[in-house]
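Below, read A as the first sequence line, B as the second, and so on, with proteins coming before strands; counting in each chain starts at 1. Computed from a prediction, not measured in an experiment: that's the story for all the values here.
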Protein chains: 2
Amino acid sequence: MAARDYGQYCGVTRALELVGERWGLLIVRDLLVGPRRYGELAAGLPRIPSNILATRLKELQAAGVIHRLPRSRVIIYELTPYGRELEPVVLALGAWGFKAMGDPRDEQIVTADSMTMALRTAFRSTVAAELPATAYGAQFGPAELLIRVDGPTLDVTRGDGPVDLAFAAGPQIRRVISGELAPERAIEIGVVEVLRGPGALLDRFASTFHLAA
Amino acid sequence: MAARDYGQYCGVTRALELVGERWGLLIVRDLLVGPRRYGELAAGLPRIPSNILATRLKELQAAGVIHRLPRSRVIIYELTPYGRELEPVVLALGAWGFKAMGDPRDEQIVTADSMTMALRTAFRSTVAAELPATAYGAQFGPAELLIRVDGPTLDVTRGDGPVDLAFAAGPQIRRVISGELAPERAIEIGVVEVLRGPGALLDRFASTFHLAA
DNA sequence: CCGCATCCCATGTGATACTG
DNA sequence: CAGTATCACATGGGATGCGG
């Protein structure tokens with residue numbers, strides 16, 4: 001499968017041969033959130049043709065990056081331990097690309113998995129450790145997430161649960177994360193709509209999740 | 001140029017749209033070592049077709065990742081400040097791919113720039129800070145490098161200069177970096193040939209440059 | 001020479017349809 | 001649901017050419 005190799009003996013080229021093909025790292029990104037079925041992956045990557053998804057899944061298995069969950073009735077894909085070690089790569093890419101995100105175009109969507117990884121990218125563990133444990137219920141367009149911060153650890157799931165602050169946010173939430181837009185102002189102009197709980201907690205959210213732009 | 005976009009509003013997809021095309025990150029890798037001319041880039045990427053190199057250079061300029069060095073008689077490409085911020089991405093990819101590097105195939109070559117970035121990836125700043133300043137002259141196949149370690153800083157150039165230890169190493173040097181092969185043993189079996197200076201300094205080299213496998 | 005541009009062909013990609 | 005089959009098209013690869 002590595003017929004498309006780069007002809008160099010180098011770690012970067014090796015990595016790109018394994019996961020550098022189109023869509024490859026996006027599949028990894030979604031699997032970093034958790035094991036997924038074929039259909040879930042397809043749903044999280046709306047523009048991927050089914051044949052490409054099938055091909056990539058096979059290549060990533062051959063590369064030892066993912067494997068099918070054994071002794072499971074249905075087919076579930078999961079990262080191998082080696083595949084999980086791609087997290088720093090995906091986070092670094094996400095942080096870099098964050099700075100080049102303009103405003104969203106109409107066709108651009110937000111998925112739960114991509115948003116989860118974005119939150120992981122922006123999470124400031126050391127800052128969070130100094131703050132009280134907090135649970136947020138956030139709706140980013142169609143993606144509804146339960147965000148639990150407890151000391152230096154972050155847990156993002158799709159489940160429901162008790163939250164201290166529930167809010168719905170438009171894509172401009174990006175500017176809150178980057179510090180360009182103050183939380184109160186974001187609420188004022190409707191970028192963030194508080195659904196439940198004290199809006200002041202959005203300050204804590206902004207301290208916890210931050211990425212320079 | 002971003003006609004091939006992923007249809008998602010996400011940092012990772014944005015990054016991949018800007019530098020994720022084939023050869024893109026390898027051009028960035030080489031430019032992280034220093035500004036380069038078209039011909040130098042082509043020489044460091046032996047299999048890249050000239051039309052692709054030209055296309056990528058234009059795309060990377062449009063993306064704000066590289067630019068032509070201004071007021072220079074000849075054309076020289078250089079990373080922009082934003083492009084330089086890709087260093088963590090390239091290093092993370094290199095570290096990950098390092099673990100999947102088997103033994104080199106015949107057609108695979110080693111270039112000076114890729115080796116330089118590999119050394120930066122493996123460099124352990126905190127370990128080096130505790131060791132005396134050392135200069136190594138290393139020949140990795142066709143790539144001849146002057147490696148200067150001074151406290152926590154690393155400087156790798158192609159120039160010549162006084163060195164404490166000069167050696168030539170085959171591709172198996174990888175196993176020294178990974179800790180699988182002890183430095184003395186590497187000298188014994190000819191993986192490393194000491195050209196000048198005390199071979200015992202190779203121990204220090206192995207302590208300074210290390211990547212788990 | 002150096003820095004590309006052009007041509008041609010092989011392969012990869014994408015949309016749609018279809019199957020176990 | 002989890003893929004395969006098919007086909008049109010875009011892109012990559014390799015050789016060659018060409019102007020400054």
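Side-chain atoms of Thr55(A) stay outside donor-acceptor range of the base of dT13(C), with no qualifying N/O pair under 3.5 Å. The base of dG3(D) is not paired with the side chain of Asn51(A) by any donor and acceptor separated by under 3.5 Å. The base of dA2(D) does not come close enough to the side chain of Ser50(A) for any donor and acceptor atom to sit less than 3.5 Å apart.
Computed from coordinates, the Leu45(B) CG to dG14(D) C1' distance equals 15 Å when rounded to whole Å. dA15(D) atom C1' lies 14 Å from atom CD1 of Ile52(B), rounded to whole Å. Atom pair Leu69(B):CG and dG3(C):P shows a separation of 13 Å (rounding to whole Å applied). A straight line from CD of Glu21(A) to C1' of dT13(C) spans 11 Å, rounded to a whole angstrom. Atom CZ of Arg47(B) is separated from atom C1' of dG13(D) by 10 Å (rounded to the nearest Å). Atom CG of Leu53(A) and atom P of dA15(C) are 14 Å apart (whole Å). Remark: C1' of dA2(D) and CG of Leu41(A) are 11 Å apart, rounded to the nearest angstrom. Here dG14(D) presents its P atom at 13 Å from OH of Tyr6(A), a figure rounded to the nearest Å.
Distances shorter than 4.0 Å separate some side-chain N or O of Arg22(A) from OP1 or OP2 on dG14(C). For dG14(C), the OP1/OP2 oxygens have a side-chain nitrogen or oxygen of Trp23(A) closer than 4.0 Å.
Residue Arg4(A) places its side chain closer to dG12(D) than to any other of dC4(C), dG12(D), dA17(C). If you check dC7(C), dC1(D), dA5(D) against the side chain of Arg37(A), the one that comes closest is dC1(D). Candidate nucleotides dG3(D), dA5(C), dG13(D) were compared by shortest atom distance to the side chain of Tyr38(A), and dG3(D) ranks first. Closest to the Pro49(B) side chain, of the nucleotides dT4(D), dA15(D), dG13(D), is dG13(D). Checked against dT13(C), dG12(D), dG14(C), the side chain of Arg56(A) finds its nearest nucleotide in dT13(C). In this structure, the nucleotide among dG14(D), dT4(D), dG14(C) sitting nearest to the side chain of Lys58(A) is dT4(D). The listed nucleotides are dA5(D), dG12(D), dC4(C); the one nearest the side chain of Tyr77(B) is dC4(C).
Ring geometry for Phe123(A) versus Phe209(A): interplanar angle of 30 to 60°, hence tilted.
Listed by chain and number, the residues in a ring pair (Phe, Tyr, Trp, His ring centres under 6.0 Å) with Tyr77(A) amount to none (sequence neighbours excluded). Partners of Thr157(B) under the side-chain contact (heavy atoms from CB on, under 4.5 Å) rule, at least two apart in sequence or in another chain, are Leu146(B), Arg148(B), Asp155(B).
For the 3.5 Å distance criterion, the side chains of Glu78(B) and His67(B) qualify, holding a donor opposite an acceptor.
A cation-pi geometry, defined here as NZ or CZ lying under 6.0 Å from the six-membered ring centre and within 45° of its normal, does not hold between Arg204(B) and Tyr136(B).
The bend of the helix from dC1(C)-dG20(D) to dG20(C)-dC1(D), defined by the angle between the axes of its first five and last five pairs, stands at 30° to the nearest 10°.
Between Arg4(B) and Glu17(B) the shortest side-chain heavy-atom distance does not fall below 4.5 Å.
Closest heavy-atom contact between His210(B) and Ile177(B): ND1-O, 3.0 Å.
Between the Gln108(B) side chain and the Gln8(A) main chain, a donor and an acceptor come within less than 3.5 Å of each other.
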